[in-house]
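A note on names: the letters A, B, ... follow the listed sequences, proteins ahead of strands, and every chain is numbered from 1.
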Amino acid sequence: MKICISSTGPNISDQVDPRFGRCQYFLIFDTETKKTEAISNQGVRQGSGAGVSAGQLVADKNVEAIITGNIGPNAFTVLGQVKVKIYAGVFDLSCEEALKKFQANDLTETSGATGPGQHEHEPE
Amino acid sequence: MKKIAITGGKGGTGKSTFAVLFANKLIKKDKKIFLVDCDIECPNLHLLIGKRIGKAQKKVYTQKPVIDKNKCQKCGLCVKNCRNNAIFMPSGKYPIILEHLCSSCGACWLTCPHEAIKTKKEEIGKIHLNKISPKLTLITGVAKPALEDTSAVVKQLKDFTLDLARKNKIDYIIYDTAAGTHCPVVVALLDNDLTYVVTEPTPLGAHDLDLILQLIKKIKIKSKIVLNQADLGKTDSTLKILKKHKIAKIDIKIPYSKKIVKHYSTGSMLNCSI
């Protein structure tokens with residue numbers, strides 16, 4: 001089974017990114033091979049629909065579970081079209097810690113969008 | 001016929017005020033004017049002159065994509081080509097259009113190798129017209145609320161205005177743009193003879209002046225600077241931005257005036273001259 005974690009960096013020791021569509025990296029962990037694939041998120045700089053583009057990645061990679069902080073309305077809508085379980089509300093943990101919690105059945109499945117969409121605001 | 005745009009980046013710097021003052025001046029010179037409110041998300045030029053927006057003359061439509069499941073091969077090219085991420089394709093299923101994200105650019109239906117994307121008509125706004133006097137007509141664009149990209153309303157508002165202006169032998173079209181530097185502003189600024197950039201002597205005014213001047217440089221249009229409430233605040237930050245953009249002078253200075261404020265707040269800007 002493949003699990004997608006929104007991450008602030010490319011390593012499993014990096015913090016979980018609280019944003020799903022606009023996270024820095026997607027870490028895709030395969031429970032069978034125990035390997036992690038890090039994908040830099042192009043959605044960070046996109047004008048609109050970052051959640052849709054993230055959802056497309058999840059669909060294309062046949063991910064079965066998502067671990068993140070907040071999930072926006074666009075992502076939640078499209079993910080409803082694919083068989084994926086969403087575990088939102090994960091904050092202040094490393095991806096590794098979050099993964100352990102998931103495997104210990106310690107995370108709760110989310111039933112709706114947990115926050116508004118997050119449009120890009122470029123820093124000065 | 002001259003086409004003039006009034007813009008400024010920041011909201012509340014006096015774009016609409018200047019647009020009416022400028023129209024008043026031209027009317028005195030016996031010119032025929034179309035005053036066009038391009039702030040289609042919240043048009044309010046009519047309030048400044050104490051008039052209604054008038055009757056809707058035209059509905060504005062756009063095209064939205066529809067997947068033809070008989071032809072679609074689920075190749076996913078439409079998903080890749082959509083810059084707005086408005087198309088989602090669950091693995092092995094047909095693509096889904098997220099209409100609220102779609103800007104009707106046409107990339108999906110133009111590039112579909114199987115001609116599997118049809119289009120449907122959707123109303124996105126209206127164009128209103130109010131003939132104020134023999135010399136002045138107010139034309140107002142109104143976008144449907146919650147529309148993601150309103151630039152198509154501005155484009156069609158301008159096409160409608162230009163067509164009517166030619167038929168009526170209008171001397172000047174004045175396009176009053178929205179605040180900001182986003183698509184509806186860009187569309188309002190294109191293909192004009194001159195743009196007046198209205199700013200104010202405040203740090204925030206200077207900040208947004210910088211943004212609009214960057215846009216003007218990018219789209220290569222001719223512009224002049226208008227400093228509103230010129231005798232209030234500090235011009236240091238404004239002058240710094242002008243220097244950065246190699247602009248030597250402020251073309252028009254409007255001093256703070258109680259008379260303007262009074263006309264503004266009572267919807268009688270048409271009677272205001274400075």
Atom [atom1] of [X] and atom [atom2] of [Y]: how far apart are they, to the nearest 0.5 Å?
| X | Y | atom1 | atom2 | result |
| --- | --- | --- | --- | --- |
| M89(B) | Q81(A) | CE | CD | 13.0 Å |
| D60(A) | S91(B) | CG | OG | 6.5 Å |
| L98(B) | S48(A) | CG | OG | 10.0 Å |

Inspect the surroundings of [atom1] in [X] and state if more than 12 heavy atoms from other residues, nucleotides or ligands are less than 6.0 Å away.
| X | atom1 | result |
| --- | --- | --- |
| K64(B) | NZ | yes |
| E115(B) | CD | no |
| K158(B) | NZ | yes |
| K74(B) | NZ | yes |

Any idea which of T77(A), N62(A), N74(A) has the most non-hydrogen atom pairs under 4.5 angstrom with chain B? N74(A)
Got a sec, which pairs hit ring pair (Phe, Tyr, Trp, His ring centres under 6.0 Å) with one end in residues 87-115 of chain B, sequence neighbours left out? none
Under 3.5 Å donor-acceptor pairs involving side-chain atoms of residues 213-221 of chain B, not counting sequence neighbours:
{"unit_1": "Q214(B)", "atom_1": "NE2", "unit_2": "D210(B)", "atom_2": "OD1", "d": "3.4"}
{"unit_1": "Q214(B)", "atom_1": "NE2", "unit_2": "D210(B)", "atom_2": "OD2", "d": "3.4"}

What are the residues of residues 85-104 of chain A, in order of number, with any heavy atom under 4.5 angstrom from a heavy atom of chain B? none
At their closest point, which heavy atom of P90(B) faces which heavy atom of V82(A), and how far apart are they? CB-CG1, 3.6 Å
Under the salt bridge (charged side-chain N to carboxylate O under 4.0 Å, His left out) rule, collect the residues that match up with K249(B), sequence neighbours excluded. D251(B)
